[in-house]
Amino acid sequence: MASKVVCYVVESLDDGPAFAVRQDNDQQVFIPKAQAEELNLVEFDEVEAIVVRNTLQPDKTPWFALRVRRVPAPPA
């Protein structure tokens with residue numbers, strides 16, 4: 001089942017995917033290369049993601065991001 005969650009980017013590989021942790025349970029989320037590059041993600045970015053269970057490597061990264069967007073910055 002898909003869920004919408006807030007995540008924090010903890011690693012963004014050069015010319016590769018990114019990894020984040022879910023705010024609600026601290027489990028790792030895999031963010032595919034295309035999405036990471038589209039948003040130019042870097043460590044400490046806060047994003048919202050639609051995630052599903054990762055069936056390829058559930059022991060390492062239990063969640064897979066289907067779609068990701070930046071969390072808007074609060075108004076100044």
Side-chain angles (χ1 to χ4, degrees):
M1 176 186 277
S3 300
K4 183 174 87 169
V5 296
V6 174
C7 303
Y8 305 114
V9 177
V10 294
E11 185 175 12
S12 183
L13 302 175
D14 292 337
D15 197 36
F19 297 88
V21 294
R22 290 177 55 151
Q23 181 187 43
D24 61 344
N25 64 14
D26 294 335
Q27 292 180 333
Q28 194 166 26
V29 177
F30 176 83
I31 302 171
K33 174 184 174 180
Q35 293 183 59
E37 286 181 346
E38 179 184 331
L39 294 174
N40 195 27
L41 294 178
V42 296
E43 288 82 4
F44 294 94
D45 281 347
E46 186 174 347
V47 296
E48 283 183 325
I50 298 172
V51 298
V52 294
R53 287 272 179 198
N54 184 355
T55 58
L56 297 177
Q57 292 188 334
D59 295 338
K60 289 185 175 184
T61 310
W63 299 98
F64 180 89
L66 296 175
R67 195 69 184 124
V68 179
R69 69 178 176 191
R70 288 189 188 279
V71 172

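With contacts defined as side-chain heavy-atom distances shorter than 4.5 Å, the pair Lys4/Glu48 qualifies. Residues Val5 and Gln23 form no side-chain contact, since every pair of their non-hydrogen atoms from C-beta on lies 4.5 Å or further apart.
Remark: Glu37 CD to Asp15 CG distance equals 5.5 Å, nearest 0.5 Å. To the nearest 0.5 angstrom, Ile31 atom CD1 is 15.0 Å from Lys33 atom NZ. Here SG of Cys7 is found 8.0 Å from CG of Asp24. Values are rounded to the nearest 0.5 Å. Here the straight-line distance linking atom CZ of Arg53 with atom CD of Gln27 works out to 6.0 Å at 0.5 Å rounding.
Relative ring orientation between Phe19 and Phe30 is described as perpendicular, the plane-to-plane angle rising above 60° on a 0-90° scale split at 30° and 60°.
Although no hydrogens or angles enter the test, the distance criterion places a donor-acceptor pair under 3.5 Å between the side chain of Gln35 and the main chain of Leu66. Checked by atom type and distance alone, the side chain of Asn54 pairs as donor or acceptor with a backbone atom of Thr61 at under 3.5 Å. At least one donor-acceptor pair closer than 3.5 Å links the side chain of Glu43 to the backbone N or O of Ser12.
Within a 6.0 Å sphere centred on CZ of Arg70, heavy atoms belonging to other residues, nucleotides or ligands number more than 12.
Both Leu13 and Phe64 belong to a single network of hydrophobic side chains, linked directly or stepwise wherever heavy atoms of I, L, V, M, F, W or Y lie under 4.5 Å apart. Hydrophobic cluster membership differs between Val51 and Val21, with clusters built from Ile, Leu, Val, Met, Phe, Trp and Tyr side chains linked at under 4.5 angstrom.
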